[in-house]
Amino acid sequence: MAIEVDVAVLGGGPGGYTAAIRAAQLGKRTAIIEMDKLGGTCLHKGCIPSKSLLRSAEVYATLLKASTYGIDVEENAVTVNFDRVQNRKEQTVEQLHGGLQSLMAKHGITIVKGKGRIIGPSIFSPRAGTVAVELADGEMESVVSKHLIIATGSRPRQISGLEADGKLILTSDDALVMEKLPASILIVGGGVIGVEWASLLNDFGVEVTIVEAADRILPTEDEDISREMTRLFRKRGVQIVTGASVRPDTYTGSSEGVSITAGSAEGDIQLTAACMLVSVGRVPNTEGLGLENTDIRTENGFISTNASYQTNERHIYAIGDVIGGVQLAHAAAHEGLAAVDHLNGGKPETVAAHRIPRCVYSRPEIASVGYTERQAKEKGIQTKTAKLPFGAIGKAIVAGETEGFVKVIADADTNDIVGVHIIGLHATDLIAEATLAQLLDATPWEIGQSIHPHPTLSEALGEAMLALDGLSTAF
Ligand SMILES: Cc1cc2nc3c(=O)[nH]c(=O)nc-3n(C[C@H](O)[C@H](O)[C@H](O)COP(=O)(O)OP(=O)(O)OC[C@H]3O[C@@H](n4cnc5c(N)ncnc54)[C@H](O)[C@@H]3O)c2cc1C
């Protein structure tokens with residue numbers, strides 16, 4: 001007997017489970033098909049475990065400079081117990097995993113545990129879209145739905161010839177379950193994941209080298225942000241090699257560690273470390289999904305959709321990492337909500353990719369929304385910019401964390417906020433105000449005029465907005 005529902009969701013990550021909750025709230029009979037654990041990459045291999053490790057690393061780094069705060073700690077009294085660091089991470093994930101399971105039960109969502117494959121027209125339905133699920137015990141189950149949402153996510157991209165072995169060559173999945181800290185690591189790829197790992201491992205005392213093919217780390221962020229992060233990393237002893245690509249044919253790995261040559265315009269560079277983390281992007285999970293049984297199209301492997309997240313088969317939607325674009329948990333969740341709104345007869349507003357906030361949870365944190373200065377110029381926007389250093393903000397001085405700044409880019413003609421780029425303490429929380437400002441079409445003056453409590457880091461954003469017109473009273 002098949003399971004019959006109104007909405008079936010293939011994949012239980014943040015895109016899938018958020019869509020399922022909303023569908024259930026709208027009174028739809030809903031099922032999630034998940035082959036691993038509810039929560040997906042974000043909860044088990046991404047956002048949450050990495051942030052837990054980053055928090056432990058931050059606590060360690062803070063304790064090492066405890067004397068700055070007038071706290072005397074005996075020399076060598078502060079040490080990393082990596083087993084307990086990992087245990088805390090596991091507990092954090094388990095706590096959230098438990099909460100998620102309760103949430104599913106509360107909303108009456110059926111969970112079908114197994115690997116799903118979409119089948120074509122069958123005895124169950126004249127349309128493609130029924131999901132055949134291979135259950136853990138080898139039995140098959142069919143899930144028949146009026147609407148299907150594909151939310152199967154992504155996995156780490158590997159470099160041909162440098163495939164991960166989990167010991168010498170790691171993906172971010174492997175790095176999360178490391179049993180002990182290496183003495184040194186070579187991070188191939190200086191994007192968000194590479195920079196987060198560089199920050200946390202450096203804080204734990206690991207010797208870190210980043211090699212990045214582009215001319216700067218975080219190449220999609222504003223250039224001022226990349227420059228500041230590079231400066232701060234170098235001050236902490238992180239080696240950064242840019243404009244250089246590793247050559248897999250030169251790789252050697254042994255119990256002594258790894259060695260590889262990177263080619264650059266200036267010539268070859270020899271890189272060695274105890275192990276290597278490859279963080280060069282993500283590939284969509286579409287293999288074995290049965291897309292060939294449907295009219296669904298893909299582009300570069302990612303499922304193509306229209307602005308309402310419908311695939312070429314209009315009753316089948318796709319959201320999250322599997323469609324590419326902004327590969328972040330909150331983007332996946334937002335797309336899930338929009339897809340459900342649409343299949344329920346609504347007309348969800350499309351959020352442009354640049355309006356989705358982007359965060360890097362390094363130390364210090366980085367967050368941005370809107371265009372970079374270069375993107376704004378490429379779009380022919382006449383810009384005016386202001387940069388407010390955290391050194392001018394009382395709360396940052398109290399915290400002893402004055403590095404970084406808030407950079408605001410506005411349209412010189414219309415006075416619209418074009419982009420906000422923050423590097424500094426709690427940047428990832430501060431960006432929410434800028435995201436709201438863009439959603440509400442607020443002007444910089446309106447944000448500056450809104451009263452920011454003192455002393456808070458939020459003053460930095462308000463003052464940066466006023467600084468656009470030379471009206472900041474903070475510096
Ligand atoms: C190291 C790391 C750190 C990250 N940190 C952040 C962060 O701090 N903030 C942020 O916003 N984003 C972060 N991300 C990105 C974030 O994890 C993803 O954007 C997000 O998880 C995508 O959600 P999703 O629902 O599209 O897919 P996923 O979370 O990947 O979930 C897809 C689910 O589908 C299941 N599945 C796949 N195929 C099938 C099948 N055939 N049958 C049944 N089930 C299937 C998988 O098992 C998985 O559970 C991070 C990613 C990584 C790797």
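Residue numbers count from 1 along this sequence. Ligands are counted one by one from 1 in listed order, and the atoms in each one are counted from 1 as well.
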Please work out, at 4.0 Å between heavy atoms, whether the side chain, the backbone, both, or neither of [X] comes within that distance of ligand 1.
X: H44; result: neither
X: P156; result: neither
X: L176; result: neither
X: K51; result: side chain
X: L328; result: both
X: S50; result: side chain

Just need the protein heavy atom nearest to [atom], so name the residue and atom and give the distance.
atom: atom 15 (C) of ligand 1; answer: Q327 O, 3.7 Å
atom: atom 26 (O) of ligand 1; answer: D321 N, 2.9 Å
atom: atom 2 (C) of ligand 1; answer: G46 CA, 3.3 Å
atom: atom 25 (O) of ligand 1; answer: G15 N, 2.9 Å
atom: atom 35 (C) of ligand 1; answer: E34 OE1, 3.2 Å
atom: atom 20 (C) of ligand 1; answer: P14 CG, 3.8 Å
atom: atom 42 (N) of ligand 1; answer: G116 N, 2.9 Å
atom: atom 21 (O) of ligand 1; answer: C42 N, 3.2 Å

Give a yes or no on whether a salt bridge exists between [X] and [Y], defined as a side-chain N under 4.0 angstrom from a carboxylate O.
X: K115; Y: E287; value: no
X: E223; Y: R374; value: yes
X: E373; Y: K407; value: yes

Hey, which atoms in ligand 1 end up nearer than 4.0 Å to a heavy atom of [X]?
X: Y361; result: 8 (O)
X: R282; result: 53 (C)
X: G320; result: 26 (O)
X: H330; result: 11 (O)
X: G40; result: 29 (O), 31 (O), 48 (C), 49 (O)
X: G153; result: 26 (O), 27 (O), 28 (P), 30 (O), 32 (C)
X: S154; result: 30 (O)
X: G13; result: 25 (O), 29 (O), 31 (O), 33 (C)

Say whether [X], considering both its backbone and side-chain N or O atoms, lies within less than 3.5 Å of an N or O atom on ligand 1.
X: I319; answer: no
X: M35; answer: yes
X: V322; answer: no
X: N285; answer: no
X: T41; answer: yes
X: A329; answer: yes
X: L289; answer: no

### Residue E292 excluded, over 12 heavy atoms near CD under 6.0 Å
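Count over threshold, so yes.
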### Message
Could you check whether atom CZ of R236 has more than 12 heavy atoms from other residues, nucleotides or ligands sitting under 6.0 Å from it?
### Response
yes
Nearest heavy-atom pair of [X] and [Y]: which atoms, and what distance?
X: P248; Y: V246; result: CD-O, 3.4 Å
X: G15; Y: A151; result: C-CB, 4.5 Å
X: T209; Y: V241; result: CG2-CG2, 4.3 Å
X: F302; Y: R282; result: CZ-O, 4.0 Å
X: I169; Y: L162; result: CG2-O, 3.4 Å
X: L271; Y: A262; result: CD1-CB, 3.8 Å

### Lys/Arg cation over aromatic F82: K180, 6.0 Å, 45° cone
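K180 over F82 ring: no.
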### Task
Could you pull out, from P357, C47, A151, the option with a heavy atom nearest to atom 13 (C) of ligand 1?
C47
### Message
Quick check on side-chain hydrogen bond (donor to acceptor under 3.5 Å, both in side chains): which of K28, H147, R29 does D6 satisfy it with?
### Response
R29
### Query
With under 30° as parallel and over 60° as perpendicular, where do the rings of Y371 and H354 fit, or are they tilted in between?
parallel
### Task
Quick one: list whatever passes side-chain contact (heavy atoms from CB on, under 4.5 Å) with D341, sequence neighbours left out.
P348
### Query
Looking only at side chains, do T372 and D222 share a donor and an acceptor under 3.5 Å apart?
no
#### Entry: Qualifying residue, where the test is salt bridge (charged side-chain N to carboxylate O under 4.0 Å, His left out) with D203 and the options are K65, R363, R55
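The salt bridge (charged side-chain N to carboxylate O under 4.0 Å, His left out) with D203 is passed solely by R363 among K65, R363, R55.
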